[in-house]
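Structure, as structure tokens:
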Number of protein chains: 2
Amino acid sequence: MSQIQQSFQVQFSYNILFTENLFAPENTTLITFLNNFGNHYGANQFRKKILFVIDEGVAENHQYLQEAIKNYFANQEEIELVADILVLPGGEQVKNDEIYLAQTLRAIDTYGIDRHSFVAAIGGGAFLDMTGYASAIAHRGVKHIRIPTTVLSQNDSGVGVKNGVNYFGKKNFLGTFAPPVAVFNDSTFLKTLSDRDWRSGIAEAVKVALIKDLAFFEWLENKSVLLAHRDEESMNEQIFRCAELHVQHISSGDPFESGSARPLDFGHWAAHKLEYLTNFEIRHGEAVAIGIALDCAYSFLKGMISEDALDRILLVLENLGFDLYHPALAENDKINLWKGLNEFREHLGGRLTITLLEGLGKGIEVHEIDFELVKQAVDYLEKRS
Amino acid sequence: MSQIQQSFQVQFSYNILFTENLFAPENTTLITFLNNFGNHYGANQFRKKILFVIDEGVAENHQYLQEAIKNYFANQEEIELVADILVLPGGEQVKNDEIYLAQTLRAIDTYGIDRHSFVAAIGGGAFLDMTGYASAIAHRGVKHIRIPTTVLSQNDSGVGVKNGVNYFGKKNFLGTFAPPVAVFNDSTFLKTLSDRDWRSGIAEAVKVALIKDLAFFEWLENKSVLLAHRDEESMNEQIFRCAELHVQHISSGDPFESGSARPLDFGHWAAHKLEYLTNFEIRHGEAVAIGIALDCAYSFLKGMISEDALDRILLVLENLGFDLYHPALAENDKINLWKGLNEFREHLGGRLTITLLEGLGKGIEVHEIDFELVKQAVDYLEKRS
């Protein structure tokens with residue numbers, strides 16, 4: 001038997017640019033990026049195109065936005081804004097109903113967006129998941145620009161490399177790993193968030209601080225009350241640091257997740273299940289806060305962290321305004337929660353891998369969970385709430 | 001304005017293994033690969049799963065195949081063959097009708113194929129395109145094994161990194177770049193090919209030889225009559241060398257095609273159009289042979305290669321049994337062909353990039369085509385035919 005060995009590396013690079021008023025005429029961040037990206041019009045006799053896809057909720061909160069985009073691109077020589085801006089629903093709905101994916105693909109086809117042109121998406125995490133997926137599969141990948149509008153998407157999902165839609169009623173059943181060509185974090189979009197959405201995304205910062213960075217956790221302890229009171233400077237600092245940790249994690253590890261380890265899923269196994277059990281009535285970040293509380297309580301009951309450390313964690317979450325308990329955790333004699341643990345294993349594939357804490361800022365992977373202790377952790381949180 | 005820079009490399013490796021009678025009980029090629037890939041059962045407490053998807057035409061020509069697969073996996077400890085083998089149509093049909101993609105995704109879901117399990121596809125190039133796409137998007141990528149059954153897929157598309165399905169009536173509108181984890185080229189499948197399919201795939205060998213490897217072209221000149229008469233040893237040698245050149249091209253260049261250059265598309269712009277104009281009545285390889293003849297005639301008329309070189313090329317194609325002309329080339333005063341050139345540019349994105357010849361074994365990219373000369377090249381081929 002003979003064989004041929006194939007082996008190659010592919011380089012992926014993109015920047016996350018922090019700005020405000022991205023589409024103000026005097027803000028050149030976006031146009032500078034576009035003009036410098038890839039080939040130039042003059043040398044290559046073609047103009048790059050850009051299609052905007054906007055989250056309906058964002059369009060409603062920012063009535064000026066579509067007009068501002070049109071003005072911004074009105075006199076650009078190197079790049080052509082296509083005739084229409086596509087506005088679609090945000091939230092999990094846009095990932096659940098395949099009509100929105102089909103509409104995005106249709107627009108990519110209609111406006112002739114090719115592999116050298118751009119789809120720029122403005123919206124929350126779920127919205128960017130769907131548009132990122134459409135961009136990744138059309139023509140084997142058109143260039144995708146992310147403009148996340150929520151805390152959660154600016155500090156976490158929006159700066160990463162995953163996309164996806166739900167299928168067969170399963171979260172992210174379809175998706176790819178496909179880095180964007182750039183991410184623009186515009187703080188202007190945060191001003192119109194509801195208090196719930198403002199708070200919700202901070203859960204991911206607590207998560208990444210707990211598993212990776214004691215100093216950042218202590219910073220969050222100090223700033224938790226300010227953050228809860230919508231202090232913008234603290235928020236921008238939180239987003240920058242959390243995004244930075246997220247980005248470092250991706251590039252230093254296993255970017256396309258060929259192995260089983262997913263430390264950034266700390267607190268997420270219970271969170272995913274809670275979202276489904278509450279029919280998505282609680283926000284992802286709210287579910288993650290409870291999931292973190294649960295896994296920290298478990299870590300304490302397992303003797304891995306002290307009760308003092310646990311108390312500091314729960315206090316930060318409380319100061320941020322999160323509930324640490326939801327009755328759905330205990331539903332059906334906690335059997336639903338047990339099912340969630342199994343579904344998480346199935347989704348990861350292979351054997352169970354859960355991240356717990358062995359200290360503040362120090363995550364550790366385990367492959368076995370004592371479900372009796374999980375039940376006690378639920379009771380612990382119920383008692384505290 | 002502040003920014004975070006993200007940059008990482010992802011390593012992709014896979015082997016193309018050449019064998020015969022892949023599912024004979026004594027042939028350990030496949031099971032050795034599977035047992036050694038990734039984690040082990042004992043250490044990780046889970047068994048990898050494998051789902052087979054088979055091209056209907058192959059299943060009909062190899063009645064024993066499904067039974068042989070079941071026997072092959074009957075007593076394996078490390079890996080579990082799932083309960084059913086999925087049989088779907090082959091050819092362009094499986095890429096045109098999305099029901100087959102949906103059926104493949106459904107099977108992946110039903111049988112719990114996760115990111116550590118395998119989808120093994122047995123079939124021709126189009127079949128592997130569809131199954132590869134399904135495997136790439138399910139759970140952001142389950143492990144895909146390709147078992148190509150035609151000359152074309154064993155020497156060319158099957159060993160590469162692309163997949164896709166047709167959408168909006170456009171070839172490969174949806175797809176990704178997603179390397180398989182292994183390719184098994186089993187020469188047994190070639191024995192049952194029709195003469196047309198046997199011959200058809202050799203066009204890709206002529207193509208890659210012409211743009212990259214004079215020695216391989218001269219080898220093809222010497223073997224063309226033997227190959228046309230179904231000499232198996234020559235065929236196996238042709239497939240190995242062509243696959244090797246294809247694999248080298250991918251790893252030494254731009255594997256996921258972030259730029260515009262696609263030298264392996266030599267002869268393909270006219271071929272794609274011919275397939276559509278003839279409603280896929282001519283095989284891809286037959287269309288490629290005509291496309292090569294056309295671009296070589298153009299290269300001669302443009303003064304880039306000698307008439308002697310052109311004659312050697314056309315003679316090889318003729319000896320292999322290919323027609324060098326099809327009336328559809330001249331249809332509608334050749335306007336249809338002109339449209340094909342434009343569609344090719346659109347599909348690539350950006351500016352036109354066409355590979356021509358500046359010598360035997362030496363391709364060169366050009367960005368302008370003189371369509372009057374293309375018309376003359378069509379007439380040249382018509383006269384010779």
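Scope of the values below: all heavy atoms of this structure, side chains included, with no hydrogens, waters or symmetry mates.
- Put simply, of A/Val161, A/Asn185, A/Asn163, A/Val183, the one with the most heavy-atom pairs under 4.5 Å next to chain B is A/Asn163.
- A distance of 8.5 Å separates CZ of A/Phe168 from CD1 of B/Ile108, quoted to the nearest 0.5 Å.
- Residue B/Gln6 holds its CD atom at 4.5 Å from OH of A/Tyr14, rounded to the nearest 0.5 Å.
- Counting heavy-atom pairs closer than 4.5 Å to chain B, the top residue among A/Tyr167, A/Phe173, A/Tyr133 is A/Phe173.
- For A/Val142, no part lies under 4.5 angstrom from a heavy atom of chain B.
- With a 4.5 angstrom heavy-atom cutoff, B/Ala138 touches chain A via backbone and side-chain atoms both.
- No part of A/Asn27 comes within reach of chain B, as not one of its non-hydrogen atoms sits under 4.5 angstrom from that chain.
- The OG atom of A/Ser2 sits 11.5 Å away from atom CG of B/Asn15, with the distance rounded to the nearest 0.5 Å.
- Enclosure of atom CD in A/Gln103 by more than 12 non-hydrogen atoms of other residues, nucleotides or ligands within 6.0 angstrom is indicated.
- One distance of note links NE2 of B/His139 with OG1 of A/Thr176; it measures 14.5 Å at 0.5 Å rounding.
- The two residues B/Ser258 and A/Lys143 have their closest heavy-atom pair at O-NZ, 4.2 Å.
- Rounding to the nearest 0.5 Å places OG1 of B/Thr19 at 11.5 Å from CD of A/Gln3.
- Side-chain contact between B/Phe12 and A/Gln9 is absent, with no heavy atoms from C-beta onward closer than 4.5 Å.
- At a 4.5 Å heavy-atom cutoff, A/Ile113 makes no contact with chain B through either its backbone or its side chain.
- Within a 6.0 Å sphere centred on CD of B/Gln11, heavy atoms belonging to other residues, nucleotides or ligands number more than 12.
- Remark: of the listed residues A/Pro179, A/Ser252, A/Ser13, A/Pro179 is the sole one forming a side chain to side chain contact (heavy atoms under 4.5 Å, CB included) with B/Phe8.
- The candidate with the highest count of non-hydrogen atom pairs below 4.5 Å against chain A, out of B/Glu244, B/Arg106, B/Lys170, is B/Arg106.
- In this structure, B/Glu237 places its CD atom where more than 12 heavy-atom neighbours from other residues, nucleotides or ligands lie under 6.0 Å away.
- The distance from the CZ atom of B/Arg140 to the NZ atom of A/Lys162 is 5.0 Å, given to the nearest 0.5 Å.
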Point to revise | Evaluation steps, side-chain contact (heavy atoms from CB on, under 4.5 Å), between A/Ile137 and B/Ile137 | key: CA-CA 9 Å; A/Ile137 61 176; B/Ile137 60 177; 4.2 Å; yes
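- Heavy atoms of A/Ala243 lying under 4.5 Å from chain B belong to its backbone as well as its side chain.
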